[in-house]
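Working notes for the structure below.
Proteins come first, then strands; the chains are lettered A, B, ... in the order of their sequence lines, and each starts at number 1. All values below come from the heavy atoms of this structure, side chains included, with hydrogens, waters and symmetry mates left out.
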Amino acid sequence: MTHPSDTGPAPVLALKDISKSFGAVRALRGVSLELFPGEVHALAGENGAGKSTLIKTLAGVHRPDSGQVLLDGEPVVFHGPGDARDAGIAVIYQEPTLFPDLSIAENIFMGRQPRRALGRIDHKATHTATAALMQRLGVDLDPDRPARGLSIADQQIVEIAKALSFDARVLIMDEPTAALTGSEVARLFGVVRTLREQGAAVLFISHRLEEIFEICRRVTTLRDGAWIASEPVEGMTEDDLVRRMVGRDLDELYPKQDVEPGEVALSVRRLTREGVFTDVSFEVRCGEIVGLAGLVGAGRTEVARAVFGIDRWDAGEVEVQGHRLTNGAPSTAMAAGLALVPEDRRAQGLVMDMSIERNIGLTGLRTTVKAGLMDRGAERSRSLDWAVKLQVKYARIADTVNTLSGGNQQKVVLAKWLATGPKVLIVDEPTRGIDVGTKAEVHRLLSQLAADGVAVLMISSDLPEVLGMADRVLVMHEGRLTAEIPRSEATEETVMAAATGRAAA
Amino acid sequence: MTVTAPTPAPATEVSKSSGTRLVDRVFKMRELAILVVFLVMIAITQAGNSQFLSEQGIKDLLLNATILVLVATGQSLVVITRNVDLSVGSTLGITAYAAGTYLNGGGNPVVAIALAVLLGIGVGLLNGLLVSLGQVPALVVTLGTMYIIRGVDSIWVGSSQITAADLPGGFVDFGSGGISAVPYLALIALAVLIATAYYLKHFGSGRELYALGSNPEAARLAGIPVRKRTLVAYTFCGALAGLAGAMYLARFGNVDSGTGTGYELTVVSAVVVGGVVFTGGSGSVYGAALGALLLTSINGVLPALGVSSVWVLAINGILLLLAIAVDRVVALRVASALKKRNARHA
């Protein structure tokens, strides 16, 4: 806005020597950061490095224990999110925080609606302003529709519109691309570039390193709550960045072992669920990792849910090692050797308030039984066994899972299902929102499972992951399987073409 | 994906407006549906008993509904914020007795009403503070205050009671009087209802109540003063329970230590039947008022049709379940309609 245009741009927002502790946990230790207008700045670090705490400090949610927040060079204290917003700081969280019952227009202008006389809301002006914002962003969303049911990509657009509506000078984006598909990411980046050109300072967090190199000019790295470096992205390699983040060299991110596929483990034939997916047929063989790619909403998760029996199918059949599965019966699917690691680990994969031990034990409730009662000892040793195998980082096995970082939570979900000794493992977005170190571990684990003869079906919106890990790539578009691409021919172009329905075949 | 393609504008225009209309219609329909059920019920009763809609009949109908409408209006605000206030029955009882005691000592009726409202505000503030500061579920907190207030009331009232004879004649006359078939009390309730609805729709703090019921975490991040708004909702609810207490006194002239016992559940039923979603963020006070009208009129309808009034409770229960079932079905329909609109825009 109006900072003196003297020698070069001054940082619009800066953190100086910020520390913040939660109880005994020192989330941030002397972290500094400078955000300049017209620049996209990356914040890198593994899960638990302190990125979220740093963002929440900037957003006025947390107040630092020591250190200063400087706005236009002046120290400020944010007493709440409202203060930060009034200072022109907008935060787009990983999981958009909208009001599902309210209209898009109300979501954008909540708390700041245009007013008429006597402080009444000017509904018409709100609508008009929202329509204008949507036009500016180049999207076609009806200002009056409720936010309920919007795709994550559209929810983020609403969040960005919110930021635009109060002329945010600083835009903080916490893993905005985690749940987006390629073209949605492209659209988002278009918007980010426009904002940057209009002089906004953007702080960008992503676990997809290539995105940092694509859109950011400088990067600040955090490790274990401490500041490691702030430097230009130009001239760095992904390896350099990973080394800063994890403090050591990282083994290959996609450690795919070559396995000779065995017999068919999962066979899906002409599966249809009306209005959701149609005529889906495919096979997964023992020892194979099959990637299932496609845009969000293409019906990938829905197919997985139907195969596992969570949702009923209307036509078709599913066989696991030659046994036909009953429609809509997860217990028979489990008995047949099928395991499903769901997309949303917090809501579907874990009981957040329960211990690690109990969470892993959930799939063994029928097997770890002695005389009709739970055998607590057997449950504990089974859980410990798997937690160790997957190198889950925890203080005590009796700790609740909500004390773990995202990556370790995902390992607990995996452990829970691997403990059932599955023949077929379906993983839905196995590494979403997981730091790069844990991601490599999850990949190594999947690869090892395949080598041990498990058939793996991997749903993922992370294209490099699909290309790096899958023996074959199935692509869905609008509820139909549009392509099956062998590893040798799978590239970003071929997969995206099929995912967007542009495939020639 | 909703990137606007440069060419096909008209198609999206059509789908957009039709989708919006659908959603709007469904929400408006919810209140309309109760109104229709209500009117049908009245029509049937009138057909079976022509005395039902006499001037006195209408007046009774409205008088009976008035107090519930008031309390349900207040309760709606609380439920919209994803909370509940179970202490309204106790509040109504104690405020009615307080106003009665004051009038019995020769007090001014207007001051008596103000006193009841102030006492209600006090209770509302207490509830609001406990809920917003305590981080304890509202159900439990207000269950506690419900018993506390009832207990205090019992100790205070003991075995005594207020009767119409203890009250100034003008006050009692006002309670049963009206402009032809419309009672004064109903007019007051209507004025409160309209003002509340207007506030909820047209004022920022009103919309914020919906926001905070719809997604409390998002509300906090949006800078909405969550505690303050919760406090306001409870205070308003308490104030209306207090006003309802004064009206109860004027209407019935008879208050003892048991007045208003169990009333909170009737209120919650009315609110839910009226389409205010129990998980917050959605619904209107008009709906809640219609729910209250429907529930109370059943009390009058059954005797008029010669059905034993022992059926009243069961029928109220059925209505409640029906309302929840309808809401669930409608919600699923709306969700799938919205998903389809996404698909069309893809």
Comparing B:A219, B:G206, B:G280, B:G213 against chain A, the one with the most heavy-atom pairs below 4.5 Å turns out to be B:A219
Under 4.5 Å to a heavy atom of chain A? For B:Y198 that would be side chain
Turns out that what part of A:R116 lies under 4.5 Å from chain B's heavy atoms comes down to side chain
With the side chain counted from C-beta on, respond yes when A:V61 and B:L221 share a heavy-atom pair under 4.5 Å apart, and no when they do not.
yes
Ranked by heavy-atom pairs below 4.5 Å to chain A, first place among B:S205, B:A211, B:G281, B:G204 goes to B:A211
All heavy atoms of B:R207 vs all of A:M110, minimum pair found to be O-CE, 3.7 Å
Note: B:K201 and A:H123 closest approach over all heavy atoms is O-NE2, 3.0 Å
Cut-off 4.5 Å, heavy atoms of chain B, and the answer for A:L137 is neither
Taking every heavy atom of B:N215 against every heavy atom of A:P100, the minimum-distance pair comes out as CB-CD, 4.1 Å
Assert top hit (heavy-atom pairs under 4.5 Å, partner chain B, pool A:G80, A:A59, A:G119) equals A:G119
Notebook entry, point to check: Any donor and acceptor pair, going by atom type alone, linking the side chain of B:S214 with main-chain N or O of A:D101 inside 3.5 Å?
Noted result: yes
Honestly, the part of A:F109 sitting under 4.5 Å from a heavy atom of chain B is neither
For this session: Just do the side chain to side chain contact (heavy atoms under 4.5 Å, CB included) check on A:L102 and B:Y210 with the steps written out, would you?
Result: CA-CA 8 Å; A:L102 304 186; B:Y210 282 94; 3.8 Å; yes
Honestly, the part of B:I224 sitting under 4.5 Å from a heavy atom of chain A is side chain
Interatomic distance, NE2@B:H202 vs CD@A:Q113, rounded to 0.5 Å, equals 12.5 Å
Could you check whether atom CZ of A:R115 has more than 12 heavy atoms from other residues, nucleotides or ligands sitting under 6.0 Å from it? yes
Answer key: most heavy-atom pairs under 4.5 Å with chain B among A:M134, A:R85, A:K162, A:Q135 is A:R85
